[in-house]
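Written below as structure tokens is the structure these notes are about.
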Amino acid sequence: MKQTDVSSFATTQLSLLNDELQAELAETQLLSSTHSPSVLQRAGLALLNLTVSSQRTGFGGKTLLELALDPAVGGGDLPEHGLRTGDICAVAEQPKGAERKKEREGMEKRGVDGVVTKVQRETITVALDKDEVDIPGGNKLWLIKLANDATYKRLNQTMTKLQKAQPSEHSILTQVLFGQSSPTPVSKEDLTAPIPFHDPSLNSSQQDAIRFALASKEIALIHGPPGTGKTHTLIELILQFLDRGQRLLVCGPSNISVDNIVERLSSHKVPMVRLGHPARLLPGVLNHSLDVLTKSSNAAAIVNDVRSEMDAKQASIRKTRSGREKRVIYGELKELRKEFRVREGRVVGDLLKGSKVVLSTLHGSGGFHLRNEKFDVVIVDEASQALEAQCWIPVLYTGTAKLVLAGDHLQLPPTIKSLNLKQSKPTAKKATAVDEVTDGVEHLSLNKKSGTGKKDTSNGDSKKAKDDTANIDTTTNESKKARDDTPSTLETTLFDRLLSLHGNSIKRMLTTQYRMHENIMAFPSKALYSNQLLAAETVKTRLLTSLPYPVKETEDTTIPVVFWDTQGGDFPEKTEDDDGGAKGRSNLLAESKVNEHEAAIVRLHVSRLIGAGVKAEDIAIITPYNGQLALLSRMLKERFVGVELGSIDGFQGREKEAVVVSLVRSNPEREVGFLGEKRRLNVAMTRPKRHLCVVGDSETVGRGSKFLKAWMGWLEEEADLRYPDPSELQDED
Ligand SMILES: Nc1ncnc2c1ncn2[C@@H]1O[C@H](COP(=O)(O)OP(=O)(O)OP(=O)(O)O)[C@@H](O)[C@H]1O
């Protein structure tokens, strides 16, 4: 075990985070200074021609501005835009005609900053950051997305706190997290003690993981390969901790990861509170949100009185044109807001005290509500999708003695280039529809994520390119000497680092998967999970023909894994710039790759599946390249309505009955770009339940890495192998 110096670790993290922020700011500034507002709107970074449709008071006493299209431009539905709940933005007067460019440059300074809290068809709501600001009025307004440095600020604060802590202040958990102490060994008795489980259906690996996490004193890692019931296991673990009288903070890197747990816990009638802005939460979770609880609890009436008074004042500000009157009302509002915050603070404090389980994003766990709260255990779901610095937020601010991390370090780590736009990017969501994927920002981040260390020509910037796979190899091989665990990259997650530091004895792996047909599971199990995965009886032999609706038996629907091998050089890739159609869209984007012939095979395969009766909504098409995604979308979206198209990265955490993967790369140089990242391939091949169809050039792809070679070899041996016949690929339409 190699110790890590805490302070130098934090210093390295601070510098890496700073590089990341600078890169992000540069990217956003470049976009907004070089493009016209309408291009920015098309790129999903701005909304034009708005007017304030209402103004009221939200959680925390913040002013909420609801914006709608100006009736002067016809009102109605907002145009397609990429602004999402959680985005940091500025509201400002829209510059007129010729002034535009000049005005825009100073815009960020003059506008009013805020956070998007609600997006509806006709309106978008922004919570303003400052209490007293002159809301721009009169002329048309516009909304522009700003780089989100709030994420960075909190990470920076957290790492600074870690950097400054004296060794004597380090908790035992911190010492274990840096290898200065070993985790307390777990006794055999604890690992075998009978436990009355709430859920009698838990399999033995799930039960073992729960026993281990309960018995561990400082850290426990629950390794959940695809479909193995990681969240299912965490729910039981939470109930078991509660049975033992422990108080828990449960976090995840994204709102959706946290909501998923809240939804599943709610049937157990656990007293819990979900922190976070209600507009960012799933509807089913709202009843547990602080905002709704503070409105509906008995004590809420005293808060609501002040709120309605504030709302009335807000409305009167908008009615008056006199500056003097406005100032008087602002003065009154200021007093009311103080009162509101005191009362709301009391209600919130009482609610939190009464909650045995508090749930929030990792970022949210650093908010002021939790500053004086103590928890026995912090649980982090999807921990391998979180930056290490994010995981330190709940650890440092709650002073917990115990940390449970659940995740799979063999799937994709967090997207580094998009750190600051992460929550706001349309494509950062798990549910990725193709309209959203063609957003410019995602192209930049996706394409910059190279996995091979070779320069990927689709990658506008090879600065960050590196061999990601190195990370995983060291973590899966306990016997390897732990490498220097002061990470030189943000992509090394806490999950990775701890495995490397303490070895596999700190983790338990879930081994029964409930998603894939056994043949779909076979390769990833062998190549990545030491052949330990088992397919549950219920899924082991499931084919498309056993879907709960009629599907004809064909050579596609009766086969779990199909491989269309395009080897031979007749199906070459192109860079997106070669493709006239794609060019217009990609003016803001980095180059990407397309493969038209592959797209034609995908079309053929999907049309056969649909012809056999498989429902469009049970089929997904995924590909690593956004250029290919845009092409597939143009070719297939209207024809096969309901088929989901997405990037591999965006599909992590999702599943479908049938999944078609288009690998794209086919070139004489045998370049595979970021296909070389095996965690990306793992995600791709483990999404389907009953049918996996891979389309790719085994000659190019098979030379990309050892892993790719093994996969191509396996597909040639075990899959239903097909060689495309160009005459079949003509579009019958
Ligand atoms: N012991 C079990 N018995 C039967 N079904 C189970 C069991 N454990 C999990 N499942 C089922 O397996 C599926 C996956 O579970 P869950 O969503 O908890 O997995 P996960 O590992 O969090 O998913 P992901 O792979 O997306 O991370 C769910 O449909 C769940 O009901």
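Ligands are counted one by one from 1 in listed order, and the atoms in each one are counted from 1 as well.
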### Task
Identify whether the distance between the nearest side-chain nitrogen and carboxylate oxygen of D381 and K230 falls below 4.0 Å.
yes
### Query
How many angstroms lie between atom CG of L234 and atom CG of L265, to the nearest 0.5 angstrom?
9.5 Å
### Task
Return the protein residues near ligand 1 (heavy atom under 4.0 Å from any of its atoms), ordered by chain and residue number.
S201, L202, N203, Q206, P226, G227, T228, G229, K230, T231, H232, R264, Y514, R515, G653
### Message
Please verify the inter-ring angle class for W714 with F523; under 30° counts as parallel, over 60° as perpendicular, anything in between as tilted.
### Response
tilted
### Task
Return yes when atom CD of E718 has more than 12 non-hydrogen atoms of other residues, nucleotides or ligands closer than 6.0 Å, and no otherwise.
yes
### Summary
The reported gap from CD in Q13 to OG1 in T158 (rounded to nearest 0.5 angstrom) is 10.5 Å
### Task
Classify the angle between the aromatic ring planes of Y529 and H223 as parallel (below 30°), tilted (30 to 60°) or perpendicular (above 60°).
tilted
